[in-house]
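Quick notes on the structure that follows.
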There are 2 protein chains.
Amino acid sequence: MTNDRRITIRDVAEASGHAVSTVSNALADKRHVNEETRKHIQEIAKTLGYRPSTIARALRMQTSSTIGVLVADVANPASPEFIRGIDDVAQREGCNILLCNTDGDERRQIGQMQALLDRRVDGMILLSQHTESPEIRKLLDATGSFVLVQRRSHRFRDDYVGSDNMQGTRDSMNYLDSLGHRRIGFVTGPQQSSTAMERLEAYEQLVSELGLDADPELVFQGDYTIDSGIRAMHYFAGLSDRPTAIIASNDVNAIGLQDAAVELGLRIPEDFSLLGCDDIEIASLRRIDLTTLRLPKREMGAGAAELLIRRIRTKKTGTPREVIFPTHLTIRGSCAAPRR
Amino acid sequence: MTNDRRITIRDVAEASGHAVSTVSNALADKRHVNEETRKHIQEIAKTLGYRPSTIARALRMQTSSTIGVLVADVANPASPEFIRGIDDVAQREGCNILLCNTDGDERRQIGQMQALLDRRVDGMILLSQHTESPEIRKLLDATGSFVLVQRRSHRFRDDYVGSDNMQGTRDSMNYLDSLGHRRIGFVTGPQQSSTAMERLEAYEQLVSELGLDADPELVFQGDYTIDSGIRAMHYFAGLSDRPTAIIASNDVNAIGLQDAAVELGLRIPEDFSLLGCDDIEIASLRRIDLTTLRLPKREMGAGAAELLIRRIRTKKTGTPREVIFPTHLTIRGSCAAPRR
DNA sequence: CGGGCGTCAAGAAACGTTTTCTAAAAAACG
DNA sequence: CGTTTTTTAGAAAACGTTTCTTGACGCCCG
């Protein structure tokens, strides 16, 4: 509107009668610069409302104090919690985050990563992203510092933050077993998802350990969407020998199962016990009332950010670290003893 | 890991035996540069895997091709839909978006806006943000181009994208009136929210037009959270002369009302008809089954982005534009004729 | 045949910082 | 009092681009 040009360090220099370099040093509180002139310069800078250009600084310092965050699905209620955790520590460490939504689409993810690299982010956090293909791998290499969350590579060893899928699945299975279920359906996530695979493996192991029905029919290949839950419920309901309990791939998926159950005139937990994963906010609603495996999402986000920042600061020294968070079975009303 | 230094335009210049400026022109497909050398340079650039630094470019061009998006609450299921709309057109126009979560907190918003300015974004889109205080106003001025969404200033005239609150409220009220409700409760959003105030005004006008009970007791001062919905339901249930229907501030709020109703042993729609606003995904779940006013969120996001980009391109010429989207009453099972 | 013009390419300046290097003044030291 | 060291401040280079200016060359036209 009024005066368009941003005021630069140069303006401060002229106004204070000092050199640009002196101003820079004075404002950064570095070097040997006389206390008096420092005060003076800081005064001037303040009254002028000077704000250094992040861009110019990034160009000069070759570091942007920015970290890229790639999330598979912002619309999933679990995502904002992770992001919040990341943001908390990023803020604290003086970093900004650049948030990208990939929709779980690899092409899109590549585009986003490329854009982040062009923007010279200091590092990336990848929530449930693709990690294997050579193209992705090349981009990760170029990134230097990155942390994977909830999906790790089986071929490469990276910094990783995840949940204890063995323990979580064990808790879930033990609980259903203790209620008397012998036939437990399982909706598994995408095959590229290491978390999904680990849980599936744990499920199979527990089925064997507990001597439950081991039937490939009981595993439904799904993903993390409501739609997939709806399909899964139609599938399980159509089986001649139905399971009495179902473990969903996550809460959103469980809600789909639940919804389809209502549609089919089936009741939860009477006809099916239902067990989710994540513990999103609405899982606790009385109309939903979902027993679920709670993930400490905010803590995991914070953990990922801390891991990343350490990695950035120590400049890729040291072997990859993995941080695994415990889960907590949160019991609500969607599970009961089988009637059959 | 291997070779850390990024390859620059200079590397391309040397490799191709041309000057930096020529390379720049060749890659930008601009100016007069021989078709042959252009091909040659583009070839070299490709094999070298050259990618221009967004940062350097931004510094030189004084424009970052980045737009800041401030959202009050990423966790609200409606937010990602707006964002998606914004992202769609931003992507198409070659812009990246910088997403910030403000929690509806003014201090936080100021900090985020400051950071965006330091980053020299070309413009901002503010979803339900503070717009009035002098401090915010100064930052908006400095931003140059910005678009408000769902919350406008009553003192300033800005580019704005919103929904037709009069028409929407009219549709809702007419619908409840046609079902036979004479006493309609209303949860209003925060007083700083222009949308909330417009709806409240519309509500009052409609109450008068339709000759319904006009009782200040029927208006509950809430906000857009589940918690506020819970409090509202306790409030309405505690009235000696209860309403027979309640209009929530939005869907998330309605879900809170619904949940508290279950807690209090009240049934919806038998004891209370309930009407939301937004039409978030879970509103259509059979367990929720919420009649609600649908907002075209994705379209609104896209509209905001288009408005902003036009504003940026035409460099703040022209009077402020307002784009108002119509709403659509989506009838599900949470409303019925009153029993009393 | 000389001047103007069009085409192409190179050179140099600029964007706003930080940092390195240099210079001057002040202080310390013998 | 001269020399060295320390403190302070300024000049200049650099980060990686784009764009403005300059220059060389060939061609057309009077």
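All of these numbers come straight from a predicted model, not from anything done at the bench. All chains are named by letter (A, B, ...) in the order of the sequence lines, taking the proteins before the strands, and each is independently numbered beginning at 1. Computed from heavy atoms alone, side chains included, the values below leave out hydrogens, waters and symmetry copies.
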In this structure, how many angstroms lie between the P atom of D/dC20 and the CE atom of B/M61, rounded? 12 Å
Locate the shortest heavy-atom distance separating B/L148 from B/R152; write the atom from each residue and the value. CD1-CA, 4.0 Å
Using a strict heavy-atom distance below 4.0 Å, which residues from residues 9-22 of chain A are in contact with DNA chain D? A/G17, A/H18, A/A19, A/S21, A/T22
Can you find a side chain N or O atom of A/T37 that sits less than 4.0 Å from OP1 or OP2 on D/dA9? yes
So which protein N/O to nucleotides 22-25 of chain D N/O distances come out below 3.5 Å?
none

Are OP1 or OP2 of D/dA14 and a side-chain N or O of A/Q62 less than 4.0 angstrom apart? no
Which one of A/R155, A/R137, A/R151 satisfies the side-chain hydrogen bond (donor to acceptor under 3.5 Å, both in side chains) criterion with A/E132? A/R155
What bend angle does the helix from C/dC1-D/dG30 to C/dG30-D/dC1 show across its length, from five-pair end axes and to the nearest 10 degrees? 60°
B/H40 atom NE2 is separated from C/dC8 atom P, nearest whole Å, by 17 Å
Compile the donor-acceptor pairs under 3.5 Å between side chains in residues 80-94 of chain B and protein atoms, sequence neighbours left out, one pair per line.
| unit_1 | atom_1 | unit_2 | atom_2 | d |
| --- | --- | --- | --- | --- |
| B/R84 | NH2 | A/D103 | OD1 | 2.9 |
| B/R84 | NH2 | A/D103 | OD2 | 3.4 |
| B/D87 | OD2 | A/R108 | NH2 | 3.2 |
| B/D88 | OD2 | B/R298 | NE | 3.1 |
| B/D88 | OD2 | B/R298 | NH2 | 2.8 |
| B/R92 | NH2 | B/E306 | OE2 | 3.0 |
| B/E93 | OE1 | B/R313 | NH1 | 3.2 |

Side-chain H-bond candidate by donor/acceptor type, B/Y224 with B/S128, under 3.5 Å: no
Atom-pair distance (CG on B/N25; P on D/dT18), nearest Å: 9 Å
With a 4.0 Å heavy-atom cut-off, tell me which residues in residues 47-57 of chain B come close to DNA chain D, sorted by residue number. B/Y50, B/R51, B/P52, B/S53, B/A56, B/R57
Atom CZ of B/R60 and atom C1' of C/dC15: how far apart are they, to the nearest Å? 6 Å
In short, salt bridge (charged side-chain N to carboxylate O under 4.0 Å, His left out) pairs touching residues 41-68 of chain A with sequence neighbours left out are A/R51-B/D118
Of the nucleotides D/dT19, C/dT18, D/dA9, which one has an atom closest to the side chain of B/S24? D/dT19
Stepwise side chain to side chain contact (heavy atoms under 4.5 Å, CB included) check, B/Q150 with B/S163: CA-CA 7 Å; B/Q150 286 292 72; B/S163 52; 3.4 Å; yes
Neighbour count above 12 (heavy atom, 6.0 Å) for A/Q114 CD: yes
Do side-chain atoms of B/N96 reach the backbone of B/T66 as a donor and acceptor pair under 3.5 angstrom? no
Here the distance between atom C1' of C/dA9 and atom NZ of B/K39, to the nearest Å, is 19 Å
Value in whole Å for how far the C1' atom of D/dT17 lies from CZ of A/R120: 11 Å
